[in-house]
Structures are given as structure tokens and as C-alpha cells.
Engineer: 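The structure's right below; bear with me while I get my questions together.
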Amino acid sequence: MDRFHIRGGRALKGLVRISGAKNSALPCMAAAILTPETVTLHNVPYVRDIITQRRLLEDLGATVLTPELRTHKITAAHIELFEAPYELVKTMRASVLALGPLLARFGQAKVSLPGGCAIGTRPIDLHLRGLEVLGAQVSLESGYVVARAPASGRLRGAEVNFDKVTVTGTENLMMAAALAEGQTILNNAAREPEIADLAELLNRMGARVRGAGTSVIKIDGVEGLGGAEHTIIPDRIETGTFLIAAAITGGELELKDCVPEHSGVLIAKLREAGVEIEEINRSTLRARCRDGGLKARDIMTEPHPRFPTDMQAQYMALMTQAEGRSTITETIFENRFMHASEMQRMGARIGIEGHTAIVEGPTPLTGARVQASDLRASACLVLAGLAAEGETVIERVYHIDRGYEKIEDKLRKVGADIERIRESVAVNSEQESSAPVIA
Ligand code: UD1
């Protein structure tokens, strides 16, 4: 398994280009299943989850061409299989996004249940309940969810009330409803920018989706969808991670190709904590540590537009360097504090009480051998390593490869001392594929 060696203590300085959002590209790729025509996506990040999603589409029978590195042309003219197998779902839970589109266009879908994952139990009951409201028959067979459309072959528009805000659940239902008969209303829908991005693509394909980005989404079903071309929005989690990289190293970074308004709450919180963030224009941010250092500030993760759970671990790394006591409360996922014990090994003072982590700062961090446990936890350890004195070795960096495009190259360009050590391929593939890596 590859690992990173980081020698910390260098202030980062320079320009970083933000890649496309993985969490937007994944549903947009799944949306291509809804039409026999070609869907062309630009600004697709070159990360492992995208390669997994591509493999799923190809296994189903779609063709995926990449005329340029970050452009995908997906044609699902001949789908021969209607199944997302366990082998793929266990490595990437977002494979479940095939469910809505397969069911909507072909009237049948079979998707493995995701099972347990590194950041707690993550059921898909809300996806299934929503599809049942649209008339699907859902059963469980040998670990697989098997869904069938009503006898007419078409789902029926209806009102779906989500008990809890779910991002991929909202996306699955939006895609299913796009080809349903009549109107669907999704109440308590997720409001993430990635939802609005998917809606934009669907509407370009001929769908009639209104309200995406608010908690009520209305979809008037159409009989068929066509091809479209779409550019994926920038990754707000990568943006946030680099804002913290500038602050935690006492450096100054300019981030290009981002959307500041997608990170409003995070930026406000970082400013409160003493990070100077300047919005140079609508797609460029500059971040540096204000004189006087960092101050402890509490956060609680909540659905968008509040503080994102996908930035919790990185923010915790920052708080180890802030003056005072901060509390970090995780309300979205259980068991999402595994990075805390790894940072304790680097000298951080963090206590866990239920869903809350209490961080005492500032504490000088020292390099250690640590292990990444999930995608965002690995980003947190990279940040801690950049701030630490001496060498940090991060194992299992395949987690970070799932969602960050060439992070070590981007960091090296702005002055970080980070190196990827590649290890024997045989050990690699076996251990990687058996690990539950889901985020
Ligand atoms: C998406 C993101 C992930 C992010 C998460 C929360 C993608 C590909 N992934 O994951 O990076 O961390 O949103 O912002 O976009 N839940 C249920 N039943 C369900 C569905 C969800 O109980 O059927 C619960 C989950 O266990 C969790 C909460 O709802 O506690 C939110 O999960 P959800 O928004 O569905 O996360 P994902 O869509 O999987």
C-alpha cells in the first residue's frame, strides 16, 4: 500500500487549482444511464472513485470515452446488466446512485446493500422508501436490493418526505422521478451545491426539475431524456482543505477555480478562528494566517448550508494549533473521529465525549507513523503532518486517492515536503480491495 512521507514545518506559498467535485461527478455520471444518447461531462476529477464509477457504467454495458483527461463521454445506449455488484458497492457506496436511473429507464435494478463502513452504519432505507412511494416494489435478496417498477414499466410521480436529509438519497430520487409519470415533490431534500449541479445536468438532458438547492424539489416527469454537455462544479471540500493547509502552516495560498459561495459557513468559521480569507473574485480565494495566531472556535456538523461533515476532520487538525479549547460535534455520522486517536499519537490533546471531540490547543505536533481510516481523515492527517515537527508517515493513503486529485503534487508545488512511497502491487490490490473504504 502506498504511503506518504511528510516532513513538516514549511509554510506553504503559491497557487493551487481546485479540481472538479467528485461528489457532483459521481451522480452526474450515473445520470447518463437515463438516456441512450451521449452525456459529455467536463471537469471530472481524476480520482479513484471516478474510475470505480466508470467501471460500474462499463460493466452495465455503457461506453465511456475520455477524449481528454477530465472529459468523459458516456453513452448508455445498450445496457445489458441492471446490477451494481457487492465488489463495487463495498469499495464505493456511491455506486448506489445507479439504482434510481436503472429503475427509471429499464424498470428494474439490483444493487448490493452497502453494509458497514469505516465511518459508521450508513443505511439506504430512505432511498428505498422514496422509490416505493414512486410505486417501485423493493425486496431484499441475498444481500441485494431488488427493485422493480410497476407493471406499466414506469414509476409514478408522488410526494416523498425524507425523515432525514440525505444527499445521495435526494439524487437517486431526482433521477428516478425525472422519467416518472406525473409530478414528484421531494420534501426535506438535501440542499448541497452538488444537488443543484445534478439538476442542471438533468434539465439540460430535457428533464423538468425545479427547486434544487432548496429543501423542496419538484420534478415533472418526462417520457425520455436526451444527451447533454455539462461542466462539473469545483470541489468545495478540496477548497476547504487547502484553505486549512494555508492556515495550519502559517503560509499563504491562492486558490483558483473554486466557488467561494459554496463554502460560506466554513469561510466564516475560519475567519472567526483567525484565518484571513480574501475573495479576490468569484472563483479565487486567498488565505493566510492573521497576525495573532489561531483562536479556538466550536463547530457542529450539519447538512448544507451548515458546517460540512466532510470538513470536520481537517478542521480538527487546525484546532490543535489554535489557542484555547474547542468542541467539535459530529451529528451526521457516528464513528467519524478515528483521526483523533492518530493525531493524539502526534501530540494533539483531544478528548472524545460521545459525538463531541474536545480539542485543547495549541499543542506542538511531532511527526509519527499514522494510519488513514477514511477519505477525509486522511486529509486531516496530511494537514497535521504539514504542521508537525519532523517526519510523519501516513499509511493507507489509497483512502485519499479516492477523492483528492494528486494531492501530493499540488502540495509539493506550493512548497510542501511530501513524497509518495509506492509499495508492492500484490500486497496492494489484495489489502485495498478487502478494506471497507466508504465516504
Ligand atoms: C454524501 C457524500 C458524503 C458526505 C455525506 C454527508 C456523496 C457521494 N457522498 O454521502 O461525502 O459525507 O453526503 O454530507 O455525495 N441515512 C439514513 N438512511 C438513508 C440515507 C442516509 O439513515 O437511506 C443517514 C446516514 O447514515 C447519515 C445521514 O443520513 O447519518 C446523511 O447521509 P447521506 O446524506 O445520505 O450521505 P451520503 O449521501 O451517503
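Both ligands and their constituent atoms are indexed starting at 1 by order of listing. Throughout, residue positions are numbered sequentially from 1 according to the sequence presented.
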Engineer: Can you confirm, on distance only, whether ligand 1 has an N/O atom lying under 3.5 Å from any N/O atom belonging to Ile332?
Structural biologist: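 Right, the criterion is met.
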Engineer: Measuring from the heavy atoms of Gln312, does anything fall under 4.0 Å of ligand 1?
Structural biologist: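 Heavy atoms of Gln312 never come under 4.0 Å of ligand 1.
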Engineer: So is Thr168 polar-close to ligand 1, meaning N/O to N/O under 3.5 Å?
Structural biologist: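 Checking ligand 1 against Thr168, an N or O pair does fall under 3.5 Å apart.
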Engineer: For His355 and Thr329, which I'm curious about, is there any donor-acceptor pair between the side chains at under 3.5 Å?
Structural biologist: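 Absent: no donor and acceptor within the cut-off.
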Engineer: Tell me, please: is Val165 in heavy-atom contact with ligand 1, that is, under 4.0 Å?
Structural biologist: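 Contact present.
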Engineer: Are any of the N/O atoms in Phe333 less than 3.5 Å from those in ligand 1?
Structural biologist: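 There is no such contact.
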Engineer: With a 4.0 Å cut-off, would you call Glu360 and Arg325 a salt bridge?
Structural biologist: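 Looking at Arg325 together with Glu360, the answer is yes, because their closest N to O distance falls below 4.0 Å.
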Engineer: Is the shortest distance from a Lys or Arg side-chain nitrogen in Arg412 or Glu408 to a carboxylate oxygen in the other one below 4.0 Å?
Structural biologist: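 No, this pair does not count.
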Engineer: For Glu141, is the CD atom crowded, meaning more than 12 foreign heavy atoms sit under 6.0 Å from it?
Structural biologist: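 Buried by this count: over 12 neighbours within 6.0 Å.
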Engineer: Any nitrogen or oxygen of Asp125, main chain or side chain, under 3.5 Å from a nitrogen or oxygen of ligand 1?
Structural biologist: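 It does: an N or O of Asp125 is found under 3.5 Å from an N or O of ligand 1.
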Engineer: I'd like to check which ligand 1 atoms, numbered from 1 as shown, lie under 4.0 Å from a non-hydrogen atom of Arg336.
Structural biologist: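 In order of numbering, the contacting atoms are 12 (O).
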Engineer: Could you check Glu229, His230, Arg70 and say which one makes a side chain to side chain donor-acceptor pair (under 3.5 Å) with His42?
Structural biologist: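 The side chain to side chain donor-acceptor pair (under 3.5 Å) with His42 is passed solely by Glu229 among Glu229, His230, Arg70.
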Engineer: For the 3.5 Å polar cut-off, considering only N or O atoms, please tell me whether Thr166 and ligand 1 meet it.
Structural biologist: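 So ligand 1 has an N or O lying under 3.5 Å from an N or O of Thr166.
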Engineer: Are any of the N/O atoms on Leu126, whether in the backbone or the side chain, positioned under 3.5 angstrom from an N/O atom of ligand 1?
Structural biologist: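 For ligand 1, there is an N or O atom that lies under 3.5 Å from one belonging to Leu126.
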Engineer: Check Arg129 against ligand 1 and report side chain, backbone, both or neither, counting heavy atoms closer than 4.0 Å.
Structural biologist: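 It is neither part, as no heavy atom is under 4.0 Å.
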Engineer: Answer with yes or no whether Pro123 contacts ligand 1, where contact means a heavy atom under 4.0 Å from a ligand atom.
Structural biologist: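 Judged by the 4.0 Å heavy-atom criterion, Pro123 does count as contacting ligand 1.
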Engineer: Check Lys295 with Glu272, please: is the shortest side-chain N to carboxylate O separation under 4.0 Å?
Structural biologist: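 Salt bridge between Glu272 and Lys295, a charged N being under 4.0 Å from a carboxylate O: no.
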Engineer: Indicate yes or no for a side-chain donor-acceptor contact from Gln314 to the backbone of Asp310 under 3.5 Å, with no hydrogens or angles considered.
Structural biologist: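 Looks like yes, one N/O pair under 3.5 Å.
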Engineer: Atoms of ligand 1 less than 4.0 Å from His127 heavy atoms?
Structural biologist: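 This gives 23 (O) as the contact atoms.
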Engineer: Do you know which of Lys22, Arg54, Arg93 makes salt bridge (Lys or Arg N to Asp or Glu O under 4.0 Å) with Asp49?
Structural biologist: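 Exactly one pass, corresponding to Lys22.
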Engineer: Against heavy atoms of Val167, which atoms of ligand 1 measure under 4.0 Å?
Structural biologist: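 Under 4.0 Å from Val167, ligand 1 has these atoms: 1 (C), 13 (O), 15 (O), 33 (P), 34 (O), 35 (O), 38 (O).
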Engineer: Between the side chain of Arg154 and the main-chain N/O of Ala180, is any donor-acceptor distance below 3.5 Å?
Structural biologist: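 Here the side-chain-to-backbone pair exists.
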Engineer: With a 4.0 Å cut-off on N to O distance, would you call Arg48 and Asp401 a salt bridge?
Structural biologist: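 Salt bridge absent between Arg48 and Asp401.
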Engineer: Looking at Thr309, which atoms of ligand 1 are within less than 4.0 Å of one of its heavy atoms?
Structural biologist: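 Atoms satisfying the 4.0 Å criterion: 6 (C), 12 (O), 14 (O).
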Engineer: Polar contacts were defined as any N/O atom of the residue lying under 3.5 Å from an N/O atom of the ligand; does this apply to Asp310 and ligand 1?
Structural biologist: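 By distance alone, the answer is yes.
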